[in-house]
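Step one of this worksheet: look at the structure below.
Heavy-atom basis, side chains included; hydrogens, waters and symmetry copies ignored. For ligands, and for the atoms within them, numbers begin at 1 and follow the listed sequence.
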Amino acid sequence: MIVPKTPEQVDKMAAAGDILARCLKMLKKSARPGVTTLDLDLAAEKFIRSQGAEAAFKGYNGFPGSICASPNSMVVHGIPGSYELKRGDLISLDVGVTLDGWVADAAFTIPIGPVSEPAVQLLETTKDSLFCGIAEAKAGNHLGDVSAAIQERVERDGLAVIRSLVGHGIGRRMHEDPQIPNFGEPGKGPKLEEGMTFAIEPMVNIGSPEIRMGSDNWAVYSEDGSLAAHFEFTVAVGEDGPRILTPWHED
Ligand code: MG
């Protein structure tokens, strides 16, 4: 059962999302060679607290960090620590913010200095697939339209959608119904209604779509060690299209 939010509730999620977007922009500026993922974690927590909000990931199912920081072949759920960013890395940063009991969730993958041409392509395609997916998040469409648009965009460029990690509904809790696969068939799945709120998050590998769990039981890696990317917005379904509640792409 997917319960649409009222316009007032969507506005509250947007307030959390605004803090989150500004946090991600701050992290983008801070992520330079020599900076550790723990440095980024501490900066994010400090920023989020300074806005009167909380880092939603901290303590979630026992997760120790305030953000997830996942370099290179790590797809998601990296625990921040002593890893030092270096030129040529990709770093995926995923942040959750809770404000007044409402949650927003968003992520991006950014390059540290110049990166390889395949890495540039991976980032462009994965980011674009997120925009293709959310363009379908309008009332009257089906959830499968979102999933299919992401898959079509990724596979057009010969990249691999990870199938065992999915997006999700979001609201008072970080993970609500439904699951949102990054692959599917148009016209299938639940019908979208105005006020439904989703975390849409394509996760893409350059090589095989298979993944493996790291030894800390958090980090998820591409199984073949190929580079991975992750882009995510929290969005609300609108009459004519999506409302992006975590606008990290805007300057
Ligand atoms: Mg998410």
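- Between K5 and D11, none of the side-chain N atoms (NZ, or NE/NH1/NH2) sits under 4.0 Å from a carboxylate O, so this pair counts as no salt bridge.
- Figure legend: R22 and F47 shown without cation-pi pairing, the cationic atom not lying both under 6.0 angstrom from the six-membered ring centre and within 45 degrees of its axis.
- V103 is not connected to I200 by any chain of hydrophobic side-chain contacts under 4.5 Å among Ile, Leu, Val, Met, Phe, Trp and Tyr, and they are in different clusters.
- I48 and L20 fall within a single hydrophobic cluster, where Ile, Leu, Val, Met, Phe, Trp and Tyr are joined by side-chain heavy atoms under 4.5 Å apart, directly or via other members.
- The cluster map of Ile, Leu, Val, Met, Phe, Trp and Tyr, joined by side-chain heavy atoms under 4.5 Å apart, puts I67 and I170 in different clusters.
- A distance-only check finds no donor-acceptor pair linking the side chain of D18 to the backbone of A15 [under 3.5 Å].
- Protein N/O/S atoms closer than 2.8 Å to the Mg ion (ligand 1): D105 OD2, H168 NE2, E201 OE2, E232 OE2.
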